[in-house]
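Notes for the one structure printed next.
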Amino acid sequence: QTDAQQAKIYYSHILSTADSVKQAIIYAQAVCGMAAISSTEGNSEKAVKELLRAQRILNGQDKEFEANIYEQIGNEYFKLGNNDKAIINYRQAFSILSKQFGNESLKALSAEENLANVYMSAEQFDKAAEIYEHSLTEKAKAKGENNPQLIDLYSNYANALYNQNK
């Protein structure tokens, strides 16, 4: 058996035993694990269905986890080339994380950067640049302007600025 097959067995075991409301979060985590395997196997459609199932199971019990699921759904739609649905899900993740942690929190900014990446892919460079600028400003305040962790963000912002003026 492969590691993925073994993981599926364990996730299935969790799914068959975690049945109370108190265990909804554990159950949703197992469903997300199954979705991660589907995604790794290249089956984004199945991953989305599993993630939507995890969302229904979670039913708003853990907002940060809910936002994470929205981000994962956005990732899968992005892989499928469905930018509109990716944008909807990344916006929802950002909204939840902003309410929970603030617009300038690193968690919310990460979700917002995913949104900017979709805008770049859709050649909506002005929207991407605006988001990258906001994220870069806030992350530079938190981490310092010369922090190596910001290299990709600087690059993305520069690319958005360059492309919007073509």
Side-chain angles (χ1 to χ4, degrees), residues 1-125 127-128 130-132 134-135 138-139 142 149 152-153 156 160:
Q1 283 183 340
T2 67
D3 289 342
Q5 290 169 328
Q6 191 64 40
K8 284 181 183 180
I9 291 168
Y10 290 125
Y11 286 131
S12 294
H13 179 68
I14 292 168
L15 295 175
S16 66
T17 58
D19 58 3
S20 74
V21 173
K22 291 179 183 176
Q23 295 174 317
I25 293 172
I26 294 168
Y27 193 88
Q29 288 171 336
V31 174
C32 285
M34 297 292 274
I37 292 170
S38 294
S39 178
T40 301
E41 292 174 342
N43 193 342
S44 288
E45 293 92 353
K46 185 176 180 184
V48 167
K49 287 178 184 174
E50 291 165 334
L51 290 164
L52 291 170
R53 180 177 171 215
Q55 241 176 10
R56 287 189 304 273
I57 293 164
L58 192 60
N59 197 25
Q61 293 183 46
D62 181 324
K63 290 297 185 187
E64 185 175 358
F65 186 17
E66 181 181 9
N68 181 267
I69 293 172
Y70 276 112
E71 282 190 277
Q72 290 177 48
I73 293 169
N75 293 342
E76 296 306 321
Y77 279 128
F78 186 67
K79 286 182 198 175
L80 290 167
N82 190 332
N83 289 342
D84 292 339
K85 286 189 177 182
I87 288 169
I88 290 166
N89 283 279
Y90 288 140
R91 280 185 179 157
Q92 190 63 30
F94 177 71
S95 174
I96 292 168
L97 293 169
S98 293
K99 288 176 186 168
Q100 184 130 4
F101 301 105
N103 281 355
E104 289 79 31
S105 71
L106 295 179
K107 291 178 183 187
L109 292 171
S110 176
E112 190 177 43
E113 286 167 36
N114 286 331
L115 181 59
N117 294 338
V118 176
Y119 285 135
M120 283 293 289
S121 175
E123 298 184 0
Q124 295 181 33
F125 303 118
K127 289 180 180 179
E130 183 181 326
I131 293 170
Y132 287 137
H134 173 252
S135 187
E138 296 307 321
K139 283 189 171 182
Q149 294 176 344
D152 286 340
L153 189 52
N156 290 343

| message | So, taking the atom named OG in Ser95 and the one named CD in Gln100, what distance separates them when rounded to the nearest 0.5 Å? | response | 11.0 Å

| query | Between atom CD of Glu104 and atom OG of Ser98, what is the distance when rounded to the nearest 0.5 Å? | reply | 8.0 Å

| Is any side-chain heavy atom of Phe101 less than 4.5 Å from a side-chain heavy atom of Lys63? | no

| message | With a 3.5 Å distance limit and no angle check, can you tell me whether Tyr70 reaches the backbone of Ile88 through a side-chain donor-acceptor pair? | response | no

| Contacts of Lys139 that satisfy salt bridge (Lys or Arg N to Asp or Glu O under 4.0 Å) - sequence neighbours left out | Glu113

| With a 4.5 Å heavy-atom cut-off, do Val118 and Gln124 have their side chains touching? | no

| task | Measure the shortest side-chain to side-chain distance between Tyr27 and Leu58 over non-hydrogen atoms and say whether it is less than 4.5 angstrom. | result | no

| message | For Lys79, is the NZ atom crowded, meaning more than 12 foreign heavy atoms sit under 6.0 Å from it? | response | yes

| said: With a 4.0 Å cut-off on N to O distance, would you call Glu50 and Arg53 a salt bridge? | reply: no

| request: Return the set of residues passing side chain to side chain contact (heavy atoms under 4.5 Å, CB included) with Ser121 (not counting sequence neighbours), or none when no residue passes. | output: Phe78, Asn83

| task | State, without any angle test, whether Gln72 and Asn68 hold a side-chain donor-acceptor pair at a distance under 3.5 Å. | result | yes

| query | Do Lys49 and Ser38 have side-chain atoms, one donor and one acceptor, less than 3.5 Å apart? | reply | no

| said: What I'd like to find out is whether the side chain of Met120 reaches to under 4.5 Å of the side chain of Tyr132, using heavy atoms alone. | reply: yes

| query | Taking only residues two or more places apart in sequence or in another chain, which ones pass salt bridge (Lys or Arg N to Asp or Glu O under 4.0 Å) with Lys107? | reply | Glu64

| query | Got a second to check how far Leu97's CG is from Leu106's CG, nearest 0.5 Å? | reply | 11.5 Å

| message | If I take atom CG from residue Leu115 and atom CD from residue Glu130, how far apart are they, to the nearest 0.5 angstrom? | response | 10.5 Å

| To the nearest 0.5 Å, what is the distance between CD (Glu66) and CD (Gln92)? | 7.0 Å

